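Some notes on the structure that comes next.
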Amino acid sequence: VTRALPAAEDRAGQREMADLVAAAIEGRRHLVVQAGTGTGKTLAYLVPAITSGKRTVVVTATKALQDQYANKELPHLAEHHPVSWAVLKGRSNYLCLARMSEARSVLAGEPVSGSQDSLFADDEPSERDGEMPEALDDGFSAIEDWAESTTTGDLSELPFELDRRSAPWLSTGPEGCPGAALCPQGEDCFAEQAIAKAREADVVLVNTALLGADLALDGALLGDAEAYVVDEAHDAEDILGGAFGAEVRGDDLLRVERNLRVAGSDSDEVREELRRAATRIDTEVAAVVADPSAGAALRNQPGGTLAEPGGLAEALGRAAGAVASAQEAARKALRSNGEDPRAEAARRSSDRLAEVLERITSGSEEDAVWVDEAGPRLRRVPVDLGERLQLHAWGDSAVVLTSATVSEPMMQRLGLGADAAFTDVGSPFDHLAAALLYVQPLLASHPPSRRGPSNPDWFDEAWQEARTLMEAAEGRTLMLCTSMRNAQEFAELAREEHDWPVLLQGELHKPKLLAEFASDEHSIAIGTMGLWQGVDVAGPSLSVVIVDKLPFPRPDDPLWQARAEAVRRRFVAEGVPESDAGYRAFLEVQVPRAASLLAQGSGRLIRTATDRGVVAVLDPRLAEKAYRRPILEQLPPMRRTRTRADVVEHLEAGLTSS
């Protein structure tokens, strides 16, 4: 298989990993493999997966990588070893024929809301504003042509990208779907066809979010699997945690009210009850956002019940009552109207929200509970997934976790148990010769305790160092920031002082930004976490990676606070003094997270055997703090320096050789 690929190389780490994965799948064992850049880990797990004869679910964190495997690797492998494989995405990624039909009616000036054929209201406040976006209006004929020819209905295959306002006119989530049996377009539904194909396939390719949804639903989507291979596993804990958690805001109740109205329910009183409860939820959640002391009062009591500040408890209780009334009203509409798809959609959405409200108000006392300003919305996420995954998800299936940055503690946190094997197969690249790690002694005039990014002088000194590096590399720089504010300020300064193109994340879609960065050898790309991984730019276009700060979780991040607090309590229970328990929890929780993210960011530099360059970290703590060692150990084995002259010499040598 490998020899048939262009520019194929025999890589020892790839062979070792393939043997390990094959043995794990055959023996239904648990395995964690750290595979550095250039290992070729994709083939190292796909080949044993498709040749094993076991039904395997392959998981990636991003849909972009999922699409790459579906368009490139899996078709190539299937040429060499016959295997049935399928790609499954969330329902909203597929064209909904019912919604497209309604959009066609809107364009024709025909009323659809409440009509006999309508499944969806035409005035959904959280998704559609009642007026079709101009971009969708202009491109609708092209969408209809594509709908006639597509075999998958995957919206990512459209010849143009749908914007945020257009997508809800052509797709729907689980809460708005009445099911194939009741939908007039059910026999031709692309999402249902994808689910059916996935259930029959030997290898199923999904993203981590969909895996989480499936595990939370006890395998309702994917069915039984004999093996799971989870790529980009460093992101799995956060994504799966969200799937097992819950969140609520007023719009969720309005969606139920809207579905009842479309179903023709005569329960005006119930719908008004839902609207009042939605307003109350939004009011109380907004009050928590505005009052820091209220946010601090969101905590779990023994038994996992929620202790809500102010009127939030009452608002949640009122919402639960309103949703219970909606459930009864939807069932009444079903009894009255028979198998009406609109009534079934109302029943599904009300049942789904009732379950969410139950999860949001009860759970483990160690769950993280907070109000997210995006929405705003009330969220609850479990802190410890290990036992839940071990008992209710993996079962006796083989489980393989892999990434360039995984760790042994991850095995327990993702429910693999103490008997899971951990192996690091390394990287085929000579990082010691190719890469230099540079931590400039910023803020040297200050005492050691004040040399971090919290010092008010840090930003100015950090920019001067970044500017010098950009000049030495003649552009060719990827700058990774821990906040959008820093990214925007660094980009503004770079544009003022340099003539090279400066590409800022958010101003261009990521694929276009990366294409321009790779094509213009002297360009500079600046961004936040969206660029810390998934950037694969080989050659001299990327000669310097600058990291502004060590990527610790924000001190006010409620999920990471809860994780650290749970570990702190464990240490205290084990007899560790209170004065030491907090720092030891920091070492166990926040430091590995920072190490993993920094290694991901640093991994953007060396993508081929001929690449050469510098990773510069503008945070003196990486060279000076006691906790630096586990972070440095996670990075590729680069030479290290704190001297700028070494950096300039290394860059000049690299640019000359290229």
Side-chain angles (χ1 to χ4, degrees), residues 9 11-13 34-41 234 403-405 424-441 465-466 468-481 514 517-518 521-522 524-526 531-551 594-623 628-658:
E9 298 175 355
R11 301 176 183 180
Q34 180 162 287
T37 305
T39 299
K41 60 184 172 64
H234 54 279
S403 169
T405 55
D424 184 350
V425 298
S427 168
F429 300 148
D430 186 355
H431 283 86
L432 280 173
L436 190 66
L437 176 64
Y438 173 48
V439 183
Q440 209 273 347
E465 190 62 37
T468 301
L469 291 169
M470 292 172 184
E471 291 173 352
E474 299 176 359
R476 300 184 174 94
T477 298
L478 172 65
M479 188 166 191
L480 304 175
C481 299
L514 294 179
F517 181 53
E521 189 175 311
H522 296 282
I524 297 167
I526 301 178
L531 298 184
W532 285 66
Q533 51 190 336
V535 176
D536 190 1
V537 177
S541 289
L542 177 45
S543 297
V544 175
V545 173
I546 300 176
V547 177
D548 68 340
K549 304 178 186 180
L550 291 178
S596 177
L597 284 175
L598 185 60
Q600 284 290 325
S602 301
R604 301 312 96 205
L605 182 66
I606 305 300
R607 309 302 298 176
T608 71
T610 58
D611 286 347
R612 186 179 181 90
V614 172
V615 175
V617 180
L618 306 177
D619 189 338
R621 294 176 297 178
L622 183 59
R628 70 187 183 277
R629 295 192 182 280
I631 299 177
L632 291 168
E633 289 170 357
Q634 188 78 47
L635 298 178
M638 301 175 280
R639 292 184 296 123
R640 303 172 189 171
T641 186
R642 304 200 75 186
T643 304
R644 186 184 298 162
D646 294 340
V647 175
V648 173
E649 180 182 355
H650 185 76
L651 285 173
E652 288 177 347
L655 294 176
T656 300
S657 63
S658 65

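Nothing here was measured: the structure is a model prediction, and the numbers come from that model.
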In Å, rounded to the nearest 0.5 Å, how long is the span from [atom1] of [X] to [atom2] of [Y]?
{"X": "Glu474", "Y": "Glu652", "atom1": "CD", "atom2": "CD", "value": "9.0 Å"}
{"X": "Leu469", "Y": "Arg476", "atom1": "CG", "atom2": "CZ", "value": "14.0 Å"}
{"X": "Leu618", "Y": "Met479", "atom1": "CG", "atom2": "CE", "value": "5.5 Å"}

Flag the pair [X] / [Y] as yes when at least one side-chain heavy-atom distance between them is below 4.5 Å, and no otherwise.
{"X": "Thr39", "Y": "Pro428", "answer": "yes"}
{"X": "Leu622", "Y": "Ile631", "answer": "yes"}
{"X": "Leu605", "Y": "Asp611", "answer": "no"}
{"X": "Val547", "Y": "Asp619", "answer": "no"}
{"X": "Ser602", "Y": "Val545", "answer": "no"}
{"X": "Arg628", "Y": "Arg621", "answer": "no"}

Ignoring hydrogens, what is the shortest heavy-atom contact between [X] and [Y]? Give both atom names and the distance.
{"X": "Gln634", "Y": "Ala595", "answer": "CG-O, 3.6 Å"}
{"X": "Ile606", "Y": "Ala435", "answer": "CG1-CB, 4.1 Å"}
{"X": "His650", "Y": "Ala434", "answer": "NE2-O, 3.0 Å"}
{"X": "Leu480", "Y": "Leu531", "answer": "CD2-O, 3.5 Å"}
{"X": "Arg11", "Y": "Gly40", "answer": "NH1-N, 3.8 Å"}
{"X": "Val544", "Y": "Ala473", "answer": "CG2-CB, 3.6 Å"}

Is there a donor in the side chain of Ser596 and an acceptor in the side chain of His234, or the other way round, less than 3.5 Å apart? no

Is the backbone N or O of [Y] less than 3.5 Å from a side-chain atom of [X], with the two atoms forming a donor-acceptor pair by type?
{"X": "Thr468", "Y": "Ala466", "answer": "no"}
{"X": "Thr641", "Y": "Thr643", "answer": "yes"}
{"X": "His431", "Y": "Pro637", "answer": "no"}
{"X": "Arg612", "Y": "Ala433", "answer": "yes"}
{"X": "Arg604", "Y": "Val535", "answer": "yes"}
{"X": "Ser427", "Y": "Gly38", "answer": "no"}

Got a sec: does the CZ of Arg639 have more than 12 other heavy atoms crowding it under 6.0 Å?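 Yes.
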
Take a 6.0 Å sphere around CD of Glu649 and say whether it holds more than 12 heavy atoms from other residues, nucleotides or ligands.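 12 or below, so no.
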
Output, in order, the C-alpha distance, side-chain angles, deciding distance and verdict of side-chain contact (heavy atoms from CB on, under 4.5 Å) for Tyr438 and Asp646. CA-CA 9 Å; Tyr438 173 48; Asp646 294 340; over 6 Å; no

Gln440 and Arg642: side-chain contact (heavy atoms from CB on, under 4.5 Å), yes or no, with the steps? CA-CA 5 Å; Gln440 209 273 347; Arg642 304 200 75 186; over 6 Å; no

Please assess Arg607 against Leu542 for the test side-chain contact (heavy atoms from CB on, under 4.5 Å), listing each intermediate value before the final yes or no. CA-CA 10 Å; Arg607 309 302 298 176; Leu542 177 45; 5.7 Å; no

Please evaluate residues Val537 and Leu478 with respect to the criterion side-chain contact (heavy atoms from CB on, under 4.5 Å), reporting the C-alpha separation (whole Å), side-chain torsions for both, the decisive distance (0.1 Å), and the verdict. CA-CA 10 Å; Val537 177; Leu478 172 65; over 6 Å; no

